[in-house]
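Report on the following structure.
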Protein chains: 2
Amino acid sequence: MINLDLKITVNPELYNKNPDSSELGRKIITHSIELINEIGFEKFTFKKLSEKINSPESSVYRYFKNKHTLLIYLTSWYWSWTSYKIALTTLNIKSAEEKLRNTIDILTKPILIDNSFSYVNEVLLNKIIITESLKAYHSVDVDIENKKGYFKTYKDVVNRVSNLILEIKPNFEYAHMLVTTVIEGVQQQRYYSEHLPSLTDSKKNKDSISNFYTKLVFNFLEQ
Amino acid sequence: MINLDLKITVNPELYNKNPDSSELGRKIITHSIELINEIGFEKFTFKKLSEKINSPESSVYRYFKNKHTLLIYLTSWYWSWTSYKIALTTLNIKSAEEKLRNTIDILTKPILIDNSFSYVNEVLLNKIIITESLKAYHSVDVDIENKKGYFKTYKDVVNRVSNLILEIKPNFEYAHMLVTTVIEGVQQQRYYSEHLPSLTDSKKNKDSISNFYTKLVFNFLEQ
DNA sequence: CAAATATAATAGTAATACTATCATTTATGC
DNA sequence: GCATAAATGATAGTATTACTATTATATTTG
């Protein structure tokens with residue numbers, strides 16, 4: 001696979017020093033993703049991370065202000081990557097409906113393979129998105145952080161998909177709502193199917209989550 | 001208004017001592033709800049709460065093991081209350097569709113008045129549900145906590161609504177998914193409309209969130 | 001009014017979330 | 001190849017958090 005890293009950019013305000021710029025920085029990202037998956041975001045600390053990477057805690061702080069900002073960095077990276085995947089899958093396609101279908105596939109189908117083109121394990125990162133990403137923007141500081149552009153890459157994805165919907169149905173008044181409902185719904189259902197199965201119906205069928213949300217979108221648009 | 005408190009029950013495993021059983025306990029609930037709203041769940045501590053209620057920190061610990069369990073208690077209370085409201089609104093109604101319509105109204109329309117029948121301010125509690133409740137079940141301990149029945153009242157609501165859907169469309173295979181998509185979608189949109197407006201379309205119209213999710217459900221069922 | 005129960009007052013501890021300082025490597029420019 | 005800068009390591013320290021424990025004082029109840 002080609003090196004997609006070049007395309008993935010994250011708001012520089014999210015870090016003190018760009019983790020992409022050094023060995024240690026990349027180590028911090030790789031092992032953060034692992035450690036957050038292992039022990040959960042609440043129990044994750046820079047102390048524990050620094051022990052895992054055999055570097056002092058203070059070195060981690062040289063890259064990130066705190067674990068909250070690191071989490072926003074990781075989610076930003078994920079949505080920037082997703083945005084890029086959407087761009088690729090819609091490239092050279094004429095039909096608006098086909099573009100939307102491809103995009104919804106990207107948003108709703110599970111991420112099963114680690115492309116391994118870099119220090120980011122996308123499968124594990126996706127698990128963090130499912131389990132922890134809500135915590136990134138559910139904080140008292142959302143408004144300030146939003147002004148700083150911390151959530152831009154997610155907004156870009158939502159806008160991109162909303163625009164595809166508006167291509168199909170120009171006066172549709174719920175484009176953003178429909179898109180965020182699908183994106184976060186998918187994550188929610190994946191979480192439920194693993195931890196609170198009685199809240200979902202997805203065990204029955206492997207692709208049921210993707211099928212459900214695909215139907216949801218096209219049913220609504222056909223109305 | 002009649003005293004609805006009698007109907008609202010919360011799993012006793014969620015507290016050390018029932019906060020409903022004493023003046024201090026009720027004070028803890030009332031002021032927790034206020035304080036979490038003021039400073040957010042992350043910055044909320046039992047120390048700060050104890051200062052607010054002029055009681056020692058150790059007294060708070062006599063009621064709740066930790067702030068995480070308190071949050072689950074609060075969300076449990078909320079869903080138990082919601083379940084009761086659904087029961088009331090569907091009582092003596094024959095038409096399955098009307099029952100579902102009423103229920104969806106309860107789930108999607110904003111909670112604007114504080115019934116003030118007790119020490120719980122439902123308007124503020126609803127804000128906590130919108131902003132913080134995801135943190136209640138997105139933790140490493142979900143599976144253990146789920147086994148203990150910590151999330152029962154929420155599951156009851158989801159089941160109740162799913163059953164209404166199945167009354168209308170008996171072989172519908174996505175009942176739970178549709179219900180959780182709506183319930184959490186509503187909360188999500190309310191949060192966005194306040195903090196990340198570009199992710200929603202709800203500013204334009206006061207009732208757009210409720211309208212959108214109502215359409216979503218009935219469009220899907222008519223298919 | 002005695003006994004039980006609840007609350008208050010106080011202290012203490014390990015872990016968390018940082019900040020600061022200085023020594024040692026490692027990279028880069030001339 | 002060496003001086004200089006930049007990055008990292010080693011170490012220390014501090015306020016806050018998340019509790020647990022103990023004893024004294026109220027308050028309730030039988």
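Per chain, numbering begins at 1; letters A, B, ... match sequence-line order. Because only heavy atoms are used, hydrogens play no part in the values below, and waters and symmetry mates are left out as well, while side chains stay in.
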Separation of D:dT8 atom P from A:Ile53 atom CD1, nearest Å, is 10 Å
- request: Would you classify A:Tyr63 as touching base, sugar-phosphate or nothing, given that sugar-phosphate means primed atoms plus P, OP1 and OP2, and contacts are heavy atoms under 4.0 Å?
  value: sugar-phosphate
Salt bridge (charged side-chain N to carboxylate O under 4.0 Å, His left out) pairs touching residues 129-146 of chain A, sequence neighbours excluded, are A:Glu42-A:Lys135, A:Glu132-A:Lys135, A:Asp141-B:Lys43
Sorted by chain and number, sequence neighbours left out, side chain to side chain donor-acceptor pair (under 3.5 Å) with B:Ser83 holds for B:Arg160
Across all chains, not counting sequence neighbours, the salt bridge (charged side-chain N to carboxylate O under 4.0 Å, His left out) partners of B:Lys48 are none
Check your understanding: Which part of the nucleic acid does B:Lys17 contact within heavy-atom distance under 4.0 Å: base, sugar-phosphate only, or nothing?
Key -> sugar-phosphate
Per the under-4.0 Å heavy-atom filter, residues of residues 133-146 of chain B near DNA chain D come out as none
### Message
Using the rule given for side chain to side chain contact (heavy atoms under 4.5 Å, CB included), can you reason through B:Tyr213 versus B:Leu216, listing the C-alpha separation, both sets of side-chain angles and the distance that settles it, and then say yes or no?
### Response
CA-CA 5 Å; B:Tyr213 285 104; B:Leu216 196 81; 3.8 Å; yes
If each end axis of the helix from C:dC1-D:dG30 to C:dC30-D:dG1 is fitted on five C1' pair positions, the angle between them, to 10 degrees, is 30°
Examine distances only and state if a side-chain atom of B:Thr131 and a backbone atom of B:Ile128 form a donor-acceptor pair shorter than 3.5 Å.
no
Quick tally for nucleotides 18-30 of chain D: nucleotides whose base has a protein heavy atom under 4.0 Å get B, sugar-phosphate-only ones S, the rest -, giving SBBB---------
Taken in chain and number order and not counting sequence neighbours, the residues that satisfy side chain to side chain contact (heavy atoms under 4.5 Å, CB included) with B:Glu57 are B:Phe46, B:Lys47, B:Ser50, B:Tyr61
Residues passing the side chain to side chain donor-acceptor pair (under 3.5 Å) test with A:Ser21, sequence neighbours excluded, are none
First and last nt of DNA chain C near chain B, cut-off under 4.0 Å to heavy atoms, 5' to 3', are C:dA6 to C:dT10
Across all chains, not counting sequence neighbours, the side chain to side chain contact (heavy atoms under 4.5 Å, CB included) partners of B:Asn146 are A:Leu196, B:Phe151, B:Lys155
Please classify the nucleic acid contact of B:Lys43 as base, sugar-phosphate, or nothing, using heavy-atom distances under 4.0 Å.
nothing
Sequence neighbours excluded, the answer for side chain to side chain contact (heavy atoms under 4.5 Å, CB included) partners of A:Thr89 is A:Asn102, A:Thr103, A:Ile106
A:Ala136 meets the side chain to side chain contact (heavy atoms under 4.5 Å, CB included) criterion, sequence neighbours left out, with A:Leu71, A:Ile72, A:Thr75
So does A:Ser59 get a side-chain nitrogen or oxygen closer than 4.0 Å to the phosphate oxygens (OP1/OP2) of D:dA7? no
Checking B:Asn37, B:Thr30, B:Ile36 against B:Leu124 for side-chain contact (heavy atoms from CB on, under 4.5 Å), the one that qualifies is B:Asn37
| query | Is a salt bridge present between A:Glu38 and A:Lys52, judged by a nitrogen-to-oxygen distance below 4.0 Å? | reply | yes
Taken to the nearest whole Å, CG/A:Asn54 to C1'/D:dG9 is 12 Å
- Item | Heavy-atom check, side chain of B:Ile183 versus side chain of B:Trp79, under 4.5 Å | yes
